[in-house]
Structure formats: C-alpha cells, structure tokens
Student: 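Structure below; questions to follow.
In what follows, every chain begins at residue 1, and chains take the letters A, B, ... in the order their sequences are listed. Bear in mind that the values here come from a model prediction, so they are computed numbers and not experimental data.
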Amino acid sequence: MQLSPLEIVRRESLQKLRDLGINPYPAEEFKTTTTIKEITSNFDAFEGKEVVLAGRMMSRRIMGKASFAELKDASGRMQIYLNRDEISSDDEATMYNTVFKKLLDMGDIIGIKGEVFKTKVGEVSVNVKELTVLSKSLKPLPVVKTDADGKVHDAFSDAEQRYRQRYVDLIVNDHVKETFIKRTKITTSMRNFFNERGYLEVETPILQPIPGGAAARPFKTHHNALDIPLYLRIANELYLKRLIVGGFDAVYEFAKDFRNEGMDRTHNPEFTVMELYVAYKDYNWMMNMTEELLEKIAIDSNGTTELTIGENQVSFKAPYARVPILEAIKIHTGFDVAGMDEVELREVCTKVGIEVDETMGVGKLIDELFGEKCEHHYIQPTFITDYPKEMSPLTKEHRTNPALTERFELMVNGKELANAYSELNDPIDQKERFEDQLKLSEKGDDEAMFIDQDFIRALEYGMPPTSGIGIGIDRLVMFMTNNASIQEVLFFPQMKPEKKAPAVELNDDEKAVFELLKKAEKIELPELKTQSGLSNKKWDKTIKGLTKHNLAKVNNTDEGLFVELI
RNA sequence: GACCUGGUAGCUCAGUUGGUAGAGCACCUCCCUUUUAAGGAGGUGGUCCUGGGUUCGAGCCCCAGCCAGGUCACCA
C-alpha cells in the first residue's frame, strides 16, 4: 500500500518520538480524574482545580509559545491551553517545541494534567501542566470545522466512506454518535418496560434447520460435523411460541434476523426485531400495551412524545386510532371489498389502477389495495386491524368473522412499525394453514414456507391463548432519531467489499489471471488454471507471481485447493 | 434487477469548446503567550475509480466494468 505524503510525515514523527525515549503506544493505565462533560457542565465546581483527562486531539491553534487545542473524549469536547514553559522542563522546551508542536498531530490520543480555567473570551479550558502521549495516529482525519454560527464546513459526508469507515464517522461527526446512543436508550427503555412487568428475556437459535415464522429467502449454510444444511433465522416466532407452550407466561427476544433479499434504504440483510409473546392475552390487550410502550420510549429517548419525522409531525401520545383494514380500503378507495372473491377483487384493483396478475390470491390483492392506496395516509400511529385470513397463516381467526384474523399492524409515518396477533393455537387449523401456504407458494418460488412439524407437535401439547408482537427495531430507531435510511442507524451496514486495484506492475498472464480471479473471488485451483489456458510452466510462474505480490492466496482445505483474492 | 446521478489532493469541492491539473481546509518551513472556522508569509502534495476506444491531444467524448447514493421493482 502506497503511503500518502501526510502518512509518511506521521510515521517519521512516530520514529522521532521513539528516538526521544517517548513510547507512542504506552502500556500502562492512564488514570483520569473526570470527564470533559463533567467539567463543561459544572465549571464552578472545577474552576482552579487540577484535573486529569484523556482523549483525542481534534484541532490545534499554535501561537508561538502558547497553543490551544481541542480535546475530545467519550463525553464531549473542550479546549485545552498549552504554554511552553509550563509543560516543558528542559532548556530546549522539548515537550512543547518538539513533541507538541512538531511530532503530535490532529487525531493523536493524549493525556493531560492541568488546571481548569476560563479564557479571556470566556471559554472553559484546561491549562495543561503535563502532557502524555497515549497513542500516535498515523492516518490523517478529515478536518471538519464549525464556525461561530454553528455552520459546519467541509463535513465528512461521503456516505460510502462514512459507512465503510464508521470509526472515522464517529470521531468527526458528533451527531452520528448521538444516534447510536439514542438507539441504546430505546432498547434499554424497552427492556426496562418488559422487565418491570416480569417478562423474561430469552435467546433462541439463530442457526435453524427450518427457517420458519415468516416467508423470506433465507441464508443457507452447512454444519460440517452434523452434515446438515442450516439456515440463518428469518424470524424467531416459532421458537418463542414453543417457550409459551413450555410454561413461560411472557418471553421476549431482541433478535437479529437475516433475509437474503434486496437492499435499499429501509432493508439490510441483517436487521433487528423485538418479538414478545404474552400468554392469556389477545390483540386488543397488545394494542394497549404497544401504545404505552411507545409513549414511554419516545419520552425516554427524546424527552417528548411529539416528534418530527421527515416532513411530518408525529405524536406518540397514546391512544392511537384503530382502523380495520377493510374499513381503511373503503375510506381511501371508495370500494367495500368485504366478502369479495378473487375475481371481484381483481376488478376493484384494476379500477383503482393497480396492476394484477393471475397468481394473486385474495390476501395478496387486499394487501396490494392497502399498500398502494391506504398505507401512506397513516402518518400518526394507527393500528390497522383484522387482516383477511389468507394473509395471516399464524393468526387466530377473528372471534366474530371467520374470514378475518385477529391481527394488527402499527403504521407510523406511512410505514409498518409492528405486526401483532392473537396467536393461532389450534394445532389442526395451524397445520391446514401451513398446507394452504404451501399450495399458494407451490407456483415455484424460493420462498416456499417449510412446514415445521415439531412446531405443530408443540401446539398439540397445548399452547395457552397468547398474543405476540414483533417490532422492527431499526425502523423504530429511524423514527425516533429522524433518519430516513437504515444505514444511519446501523453501526456497520452491509456493503460490497472494496476491491483492491493491483498496486504493482503485473505481466500480461498475471493480469489475465487476476481479472479471472476478480470475477470469481474464490475458485478451485484446477478450474482457474483451465480458465487461464496457460501451459503448466506458465501457470506455475503466473500463480507464484500473484501470490508473491500478495494479490492472491492458495488455500489447501478439506474440500480442495482454492485460490482467492486477498 | 432496471433507470438516474456521482467517483478529481488526506477532507469538501471547482475544472470553460477536448489543449500544461485548480481552490479552501489539512500538511511542511518561518513569525506569533488567552486564541477559537485564530492570523500573517512562503511551499509540498494527483494511478483525475478501472480497462478499452475515438483523437495530433481525453478529467472532459464513446464502450465495458467496479463502487456508492437516489428512484422504481422485489420483499406477507
């Protein structure tokens, strides 16, 4: 890897520090006495007192024999003042003239000991008496400056770099850190809410032999010792219900789920869902609980129930409107589709301008009508209830209308935030619904729902009437932090790997093989050799050239010889 | 998967009709003891995403690809 001039300078500084007998990466504990936020929010108590702080130097203003710098620790930022004669002991003032002015850089991690004071212009600062190098930074940080009006200049804003190098994003963009702190506040608030009620937080398998509880394309992997395929879970619903069968009254889990589908600004291949199941409750109870929960989360994370989400003002103050889905369709399309069959529904869809095809059943058609014509109207939190049976294979039939189910989705800002049911606990009905699903999806797609026989067996032992809910945590955090993109609320959103360009001159054979390898990423050695069309001797020379340049690697595994990019 | 937009210095961005590669900040040298987007003087720094093509000549035009963002499609 070619070093930039800035990086070379820093490496030279690193060596010069060592030459002066200063370890740029010391091992010993550095004991701090307080944090920056403590000082800045409580100046009167700290004025004139000695403090020890550690953090990253974010900027420097050198003015001859005195300097100001900005120190950032986990709690915040503050100014420090360094005076040549106060931090240096020798005649040459090495600590100031050489170490601080020449060898330290923006981004270095330092420790300081000094006295809290206020400058002439009134900025709370620490007058440094002792400076300690704690870690030398070899790569320059982006320089982000904020002017007197609070306007940010040269913001580090390239989305690709921010996501790939989130550590840099967190260092220079303070608001990014705030988003993630708020994320933790939200999940903590939720945990507290459940724990106070005696609900049990549990963990269930992520590696599942049957990926159940939803319809989605799973990630597939293989267990060597058992020699069986395993899937990363697409939901944990069926496992939590097994625990209700087992006699727990209420269980919940913050679950990372995985779906092998498209990515966009609201979908990441791995995402977090909180699922909760409570025995002896129904979906009406669950709506009440959800209102209470969200009101509390809004207050715990934002201090208010009144939030701005994009262009909209949204109030999380309970209670929320409850609208049956067929009623919603009647309101927004003018058609009463209750009791309609497939043919009639298709007609309605065509009339309101929705494209339909023959594979769409009653459930899918109603879903389309709602999704296209209604969903976006529900900005304020609204429970959409009583979905048709075809759309809800895990939901109990509605107590007054056998065509419907006791299900609700919570819509906020025109998007689905939660999905909940009175859970289906009739094992025979459940088996039939699974079989119906299978028939529906037998038209040959890769999302065919597997029938989980063990789950049916569990239900046969008897599951109490139960209500369950799944809340999309990433989406909830997006709402509560007013972020339009899921990538902004995930520390490390999924990205395509960065491909390295060859850093050295390759000959034509090497280039050709490298191109093949770039396409394949990883390939069996004999296969690559065949593709290259090279003679034995040329092949040997070429692959050795590539491995020597650290571009490719040959791996000898149980499954054979593989070549992969480094 | 389709379409649109973008990729130029460490960061943020300009770059005219196709004619020697630019600015601010950062960095380096010097001056400066309460500054704060510190200031003043001088300077360094580039595979212009990659690979082809057109051309006397390509950052710019054409083709293919890579990566990202957006819109749509897909996603109970």
Student: Of the candidate nucleotides B:A38, B:U34, B:U29, which contains the atom at the shortest distance from the side chain of A:Lys102?
Tutor: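 Taking heavy atoms from C-beta onward, the closest nucleotide is B:U29.
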Student: With the threshold set at 4.0 Å, does a side-chain nitrogen-carboxylate oxygen contact exist between A:Glu7 and A:Lys139?
Tutor: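 Judged by the 4.0 Å cut-off on N to carboxylate O distance, A:Glu7 and A:Lys139 do form a salt bridge.
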Student: Which heavy atom of A:Ile36 sits nearest to which heavy atom of A:Asp73, and what is that distance?
Tutor: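 Scanning both residues completely, I find the closest heavy atoms to be N-OD2, 3.0 Å.
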Student: With sequence neighbours left out, write down each residue that passes salt bridge (charged side-chain N to carboxylate O under 4.0 Å, His left out) with A:Asp85, or none if nothing qualifies.
Tutor: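 Once residues adjacent in sequence are excluded, A:Asp85 has no partner under the salt bridge (charged side-chain N to carboxylate O under 4.0 Å, His left out) criterion.
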Student: Rounded to whole Å, how long is the line connecting atom CD1 of A:Ile366 with atom C1' of B:A76?
Tutor: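 A:Ile366 atom CD1 is separated from B:A76 atom C1' by 13 Å.
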Student: Tell me which nucleotide among B:U36, B:U33, B:A73 gets nearest to the side chain of A:Asp264.
Tutor: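 When the side chain of A:Asp264 is considered, B:A73 is the closest of B:U36, B:U33, B:A73.
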Student: I want to check a possible cation-pi pair here: A:Arg166 against A:Phe492, using under 6.0 Å from ring centre and within 45° of the ring axis as the test.
Tutor: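 That pair does not qualify as a cation-pi contact.
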Student: Between B:C48 and B:C32, how far is it from one C1' atom to the other, in whole Å?
Tutor: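 About 38 Å, rounded to a whole number of Å.
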Student: Give A:Val152 one of three labels, base, sugar-phosphate or nothing, depending on what nucleic acid heavy atoms sit under 4.0 Å from its own.
Tutor: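 Counting heavy atoms under 4.0 Å across all strands, no contact is made by A:Val152.
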Student: Quick one: which of B:G70, B:A76, B:A37 gets closest to the side chain of A:Arg265?
Tutor: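 Ranking B:G70, B:A76, B:A37 by closest atom to the A:Arg265 side chain puts B:G70 first.
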Student: Between B:G45 and B:G24, how far apart are the two C1' atoms, rounded to whole Å?
Tutor: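 The same atom, C1', in both gives a distance of 15 Å.
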Student: I'd like the C1' distance from B:U34 over to B:A38, given in whole Å.
Tutor: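 It works out to 11 Å between them.
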Student: With sequence neighbours excluded, what pairs up with A:Asp19 under the side chain to side chain donor-acceptor pair (under 3.5 Å) test?
Tutor: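 Only A:Gln15 meet the side chain to side chain donor-acceptor pair (under 3.5 Å) criterion with A:Asp19.
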Student: Measuring from the side chain of A:Arg61 (C-beta onward, heavy atoms only), which nucleotide among B:C28, B:U35, B:C67 has the closest atom?
Tutor: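 Side chain of A:Arg61 sits closest to B:U35.
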Student: If the sugar-phosphate is the primed atoms plus P, OP1 and OP2 and the base is the rest, what is the B/S/- string for nucleotides 8-14 of chain B, using protein heavy atoms under 4.0 Å?
Tutor: --BSS--
Student: Base, sugar-phosphate or nothing for A:Gln487? Non-hydrogen atoms, less than 4.0 Å.
Tutor: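 Contact class for A:Gln487: sugar-phosphate only.
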Student: When the P atoms of B:A23 and B:C4 are compared, how many Å lie between them, rounded to an integer?
Tutor: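 Roughly 35 Å separates the two P atoms.
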Student: One pair to check against side chain to side chain donor-acceptor pair (under 3.5 Å): A:Thr481 and A:Asn483. What are the steps and the verdict?
Tutor: CA-CA 6 Å; A:Thr481 60; A:Asn483 275 303; 3.0 Å; yes
Student: Pick base, sugar-phosphate or nothing for A:Tyr163, based on heavy-atom distances below 4.0 Å to the nucleic acid.
Tutor: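 The residue A:Tyr163 makes sugar-phosphate contact but no base contact.
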Student: Mind checking the C1' distance from B:C72 to B:A64? Whole angstroms is fine.
Tutor: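 Here B:C72 and B:A64 have their C1' atoms 25 Å from each other.
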Student: Contact class for A:Met106 (heavy atom, under 4.0 Å): base, sugar-phosphate, or nothing?
Tutor: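 The residue A:Met106 makes no contact with any strand.
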Student: Who pairs with A:Lys72 by salt bridge (charged side-chain N to carboxylate O under 4.0 Å, His left out), at least two apart in sequence or on another chain?
Tutor: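 Partners of A:Lys72 under the salt bridge (charged side-chain N to carboxylate O under 4.0 Å, His left out) test: A:Asp174.
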Student: Establish whether the base of B:C75 is bridged to the side chain of A:His267 by a donor-acceptor pair shorter than 3.5 Å.
Tutor: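 When only heavy-atom distances are counted, A:His267 does reach the base of B:C75 through a donor-acceptor pair under 3.5 Å.
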Student: Of the nucleotides B:A76, B:C67, B:C32, which has the atom closest to the A:Pro393 side chain?
Tutor: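 The listed nucleotide nearest to A:Pro393's side chain is B:A76.
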Student: What interatomic distance, in whole Å, is found between P of B:A76 and the corresponding atom of B:G6?
Tutor: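 Between the two P atoms, the distance is 35 Å.
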Student: A:Lys145 NZ to B:U35 P: how many Å, rounded?
Tutor: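 Taking atom P of B:U35 as the reference, NZ of A:Lys145 is at 17 Å.
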Student: Can you tell me whether the side chain of A:Glu123 and the base of B:U34 have a donor-acceptor pair closer than 3.5 Å?
Tutor: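 For A:Glu123, whose side chain was compared with the base of B:U34, there is no donor-acceptor pair (under 3.5 Å).
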Student: From CD of A:Glu375 over to P of B:A76, roughly how many Å is that when rounded to an integer?
Tutor: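 To the nearest whole Å, that distance equals 13 Å.
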Student: Taking atom C1' of B:C32 as reference, at what distance in whole Å does atom CZ of A:Phe68 sit?
Tutor: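 Answer to the nearest Å: 13 Å.
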Student: Can you identify which nucleotide, out of B:A38, B:C75, B:U36, has its nearest atom closest to the A:Met63 side chain?
Tutor: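 Among B:A38, B:C75, B:U36, the one nearest the side chain of A:Met63 is B:A38.
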Student: Can you figure out which of B:U33, B:A76, B:U35 approaches the side chain of A:Gln79 most closely?
Tutor: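 Closest nucleotide among those given: B:U35.
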Student: What integer distance in Å separates A:Glu7:CD from B:G46:P?
Tutor: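 Atom CD in A:Glu7 sits about 13 Å away from atom P in B:G46.
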Student: How far, in whole Å, is B:U29 from B:G65 if one measures between their P atoms?
Tutor: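 Here B:G65 and B:U29 have their P atoms 48 Å from each other.
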Student: Not counting sequence neighbours, list each pair that qualifies as a salt bridge (Lys or Arg N to Asp or Glu O under 4.0 Å) and has a residue in residues 153-163 of chain A.
Tutor: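 Salt bridge (Lys or Arg N to Asp or Glu O under 4.0 Å) check on residues 153-163 of chain A returns A:Glu160-A:Arg164, A:Arg162-A:Asp169, A:Arg162-A:Glu488.
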Student: Check side chain to side chain donor-acceptor pair (under 3.5 Å) between A:Asp341 and all other residues, then give those that pass, not counting sequence neighbours.
Tutor: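 For A:Asp341, no residue satisfies side chain to side chain donor-acceptor pair (under 3.5 Å) once neighbours in sequence are set aside.
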Student: Suppose you measure atom C1' in B:U12 against the same atom in B:U55; what distance do you get, rounded to whole Å?
Tutor: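 Their C1' atoms lie roughly 34 Å apart.
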Student: Which nucleotide wins on minimum distance to the side chain of A:Lys65, given the candidates B:G69, B:U33, B:U35?
Tutor: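 For A:Lys65, the side-chain atoms sit closest to B:U33.
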Student: If you check the A:Ala66 side chain, which of B:U33, B:U35, B:C32 turns out closest?
Tutor: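 My answer, after comparing the listed nucleotides, is B:U33.
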Student: For A:Arg164, answer base if it contacts any base atom (sugar-phosphate contacts may also be present), sugar-phosphate if it contacts only those atoms, and nothing otherwise; contact means non-hydrogen atoms under 4.0 Å.
Tutor: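 The residue A:Arg164 makes sugar-phosphate contact but no base contact.
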Student: Look at the side chain of A:Thr119 and decide which nucleotide, out of B:A68, B:C27, B:U35, has an atom nearest to it.
Tutor: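 Closest nucleotide among those given: B:U35.
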